[in-house]
Amino acid sequence: MISSLLRGDIAVGTSVTIKGWVRTRRDSKAGLSFIQVHDGTCFDSIQVVAQNELPNYADEIQKLGAGCSVICTGELVASQGKGQSMEIQAETVEVVGWVEDPDTYPVQPKRHSFEFLREVAHLRPRTNTFSAVTRVRNCLAQATHRFFHENSFYWIHTPIITASDAEGAGELFRVSTLDMENLPRTDAGKVDYSQDFFGKESFMTVSGQLNVETYCCSMSRVYTFGPTFRAENSNTTRHLSEFWMIEPELAFADLNDDADLAEAYLKYIFKAVLDERADDMAFFAKHVDKEAVSRLENFLSHSFERMDYTEAITHLEKAGKKFEFPVTWGMDMQSEHERYLCEDLCKRPVVVMNYPKDIKAFYMRMNDDGKTVAAMDVLAPGIGEIIGGSQREERLDMLDARLAQMGLDKDIYWWYRDLRKYGTVPHAGFGLGFERAVNYVTGMKNIRDVIPFPRAPKSAEF
RNA sequence: UCCUCGGUAGCUCAAUGGUAGAGCAUUCGGCUGUUAACCGAAAUGUUGUAGGUUCAAGUCCUACCCGAGGAGCCA
């Protein structure tokens, strides 16, 4: 693999074989060609030097272009040229796959717009940017599992199909095997879902939280990491219809424990990227977002500020700054407010805690003041809300009261309520949109460019 | 879903209502231990779709489709 060659794992003078794809070819009429080959194992490609004495030099090597796949064998040598320390002096260059029509091969050795590359999502991993995103995304995912494993969390595989609109978190995608051309009807004329596959209405999950809470109330420390689905018609750079979410859940824990966990987790995965993907991060800092590296370093070197929602409102009122949306206690904070708190006021990540109950979900724990719930948002400079979490309501009577207040049918939540009947325990957790974390780390602007095949309204090609 | 901007060569973009162009990529030639090389030449178009106004539409008007940015919703 190219990464191990460039890392210096293999001594100069050794015979090596690499398998990969051609990025560019430059000929020298002195009788040799330079072939840049990449294989995805690291940011850099390696230069293969092919002399015209090779039997297939004229009829094959000189026809190589971007996208061709090759197997090259030769001696690893110190480079005579500038720009790379090592290169391969080819003894054989085997062409495995040609590019059928070089004229229309979309991935040219030049700058492409991300919009265009989205239209060729099957080929965009061959570009510098998307292979770098892919490695960073993988690094964040691996670091996530490592962090939770090292801290005694179990990964719980929560279901993707669900029969309850668990959290009320947005529009759901329906899952059904009913014949849409000929829907069975009840006497009342409604669609008869008792004849559907699961015998009731079913959907794609919007969150694994309620399910993972059940395992939390036995396994103590658990998390989910999987795809979630929202059928919202939102067309922004921050939303996907299908995205990956990380949701840890911690038993015998309160909101402060939750905030501690969020801080430790984010710092762990960001540090992993700086340690393990310096090559890709240098690329992002150079070509995508100048602050990609310094932002993470800054993030790691400061502890999170913590403040109550009420306190945050006071700060906003005293800001002496004109906000587009006026500041009042009880409002849901707009992104301009969140950004003021972390970017202007504190200049570091801020955890805002204890929000008004009316703007938060039913399962969040009611505080003693009767007005606020134990919810928290982690706000980060440059992005705003990156994590949302809460201490869960563990008291059955309080939970039922909240369900009633919000007009929810408590029978639907019968198993969730059982957790409060049988050995209930204070517990807390949070949710992190994985792609948003990848965006934050890489500095990529559009969330559709940090997931291999983005799903969004009117967009599910590939 | 709302607001704003956009859709012209493979890509990135020009073109006052009056002959559809450049750079890069591609192909060919030249030059060079080259570095998204350099020099020269060639080829490349149903101007998003459907209507309309006009002697004449890439350009103006209408509808629709697609894309981008912002807003709302949120992760």
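Chain A is the first sequence line, chain B the second, and so forth, proteins listed ahead of strands; every chain is numbered from 1. This one's a predicted model, so the numbers in the text were calculated from it and none came from an experiment. FYI, side chains are in, hydrogens and waters are out, and symmetry mates aren't considered; it's all heavy atoms of this structure.
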Show each protein N/O and nucleotides 23-26 of chain B N/O combination with a separation under 3.5 Å, one pair to a line.
unit_1, atom_1, unit_2, atom_2, d
B:rG23, N2, A:K110, NZ, 3.4
B:rC24, O2, A:K110, NZ, 3.4
B:rU26, O2', A:D103, OD1, 3.4

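Rounded to whole Å, the distance from CD on A:Q334 to P on B:rG70 is 15 Å. Distance A:L123 CG to B:rG10 P: 17 Å, rounded to the nearest Å. For the pair A:Q62 CD and B:rU27 C1', the computed distance is 14 Å after rounding to whole Å. As a whole-Å value, the separation of A:L32 CG from B:rU32 P is 12 Å. Rounded to a whole Å, the CZ atom of A:F43 is 11 Å from the P atom of B:rA36. B:rU12 atom P lies 12 Å from atom CZ of A:F114, rounded to whole Å. Nucleotide B:rG33 holds its C1' atom 18 Å from the CE atom of A:M86, rounded to whole Å. For the pair A:I359 CD1 and B:rG72 C1', the computed distance is 16 Å after rounding to whole Å.
Counting only distance, with no hydrogens or angles, the side chain of A:S202 and the backbone of A:V175 share a donor-acceptor pair below 3.5 Å.
At B:rA36, none of the side-chain N or O atoms of A:N128 fall inside 4.0 Å of OP1 or OP2 (strictly under the cut-off). The phosphate of B:rA68 (OP1 or OP2) has a side-chain N or O of A:R118 nearer than 4.0 angstrom. Side-chain nitrogen and oxygen atoms of A:R26 include none within less than 4.0 Å of the OP1 or OP2 phosphate oxygen of B:rU35.
Nucleotide B:rG72: unpaired (no Watson-Crick or G-U wobble partner with both distances less than 3.5 Å). With both pairing distances under 3.5 Å, B:rU46 is matched to nothing as a Watson-Crick or G-U wobble pair. Using N1 to N3 plus N6-O4 or O6-N4 for Watson-Crick, or N1-O2 and O6-N3 for G-U wobble, each under 3.5 Å, B:rU32 pairs with nothing. Nucleotide B:rU27 has B:rA41 as its partner under the Watson-Crick or G-U criteria, with both atom distances under 3.5 Å. Across the strands present, B:rU12 finds its partner in B:rA22; the criterion is a Watson-Crick or G-U wobble pair with both atom distances under 3.5 angstrom. Across all strands shown, B:rU59 remains unpaired; no Watson-Crick or G-U wobble contact has both distances below 3.5 Å.
For A:N235, the side-chain atoms get nearest to B:rU1 when compared with the rest of B:rC74, B:rU34, B:rU1. In this structure, the nucleotide among B:rU34, B:rA71, B:rA68 sitting nearest to the side chain of A:E115 is B:rA68. The nucleotide whose nearest atom lies closest to any side-chain atom of A:T24 is, among B:rU32, B:rA37, B:rG67, B:rA37. In the set B:rG72, B:rU35, B:rC66, the nucleotide with an atom closest to the side chain of A:K458 is B:rC66. Distances from the side chain of A:V49 to the nucleotides B:rG67, B:rC73, B:rG33 place B:rG33 closest. Here the nucleotide nearest the side chain of A:S459, chosen from B:rG67, B:rU12, B:rC74, is B:rG67. Among the nucleotides B:rA36, B:rU12, B:rG72, the one closest to the side chain of A:S113 is B:rU12. Candidate nucleotides B:rA36, B:rU32, B:rA68 were compared by shortest atom distance to the side chain of A:D27, and B:rU32 ranks first. Between B:rA71, B:rC11, B:rC73, one nucleotide has an atom nearer to the side chain of A:S234 than all others, and that is B:rC73. Taking every side-chain heavy atom of A:T237 into account, B:rG69 is the closest of B:rG69, B:rU35, B:rC11.
Using a 4.0 Å heavy-atom cutoff across all strands shown, A:Y440 reaches no nucleic acid atom at all. Residue A:E435 is classed as having no contact, given no heavy-atom separation below 4.0 Å to the nucleic acid. Within 4.0 Å of A:Q89, counting heavy atoms only, lies at least one base atom of the nucleic acid. Heavy atoms of A:G81 sit under 4.0 angstrom from at least one base atom. Within the 4.0 angstrom heavy-atom criterion, no nucleotide atom of any strand lies near A:E119. Across all strands, A:I386 comes closer than 4.0 Å only to sugar-phosphate atoms, never to a base (heavy-atom distances). Here A:F243 lies in heavy-atom contact (under 4.0 Å) with a base.
Checked against the 6.0 Å centroid criterion, the rings of A:F225 and A:F434 qualify as a close aromatic pair. Between A:F362 and A:Y413, the distance separating the two ring centers is shorter than 6.0 angstrom.
For the atom pair CD1 of A:I386 and CZ of A:F430, the computed distance is 10.0 Å after rounding to the nearest 0.5 Å. Between the CD1 atom of A:I46 and the CG atom of A:L76 there is a distance of 6.0 Å, given to the nearest 0.5 Å.
Using a 4.0 Å cut-off between charged side-chain N and carboxylate O, A:D39 and A:K19 make no salt bridge. The existence of a salt bridge linking A:E393 and A:K357 is excluded, since no basic side-chain nitrogen approaches an acidic carboxylate oxygen closer than 4.0 Å. Using a 4.0 Å cut-off between charged side-chain N and carboxylate O, A:D254 and A:R365 make no salt bridge.
Remark: the A:H239 side chain and the B:rC74 base include a donor-acceptor N/O pair separated by less than 3.5 Å.
Geometrically, A:R295 engages A:Y440 in a cation-pi contact defined by less than 6.0 Å to the ring centre and at most 45° from the axis.
Both A:H112 and A:G388 lie near RNA chain B, and the one whose nearest nucleotide falls closer to the 5' end is A:H112.
Nearest heavy-atom pair across A:P125 and A:S131 is O-CB, 3.6 Å.
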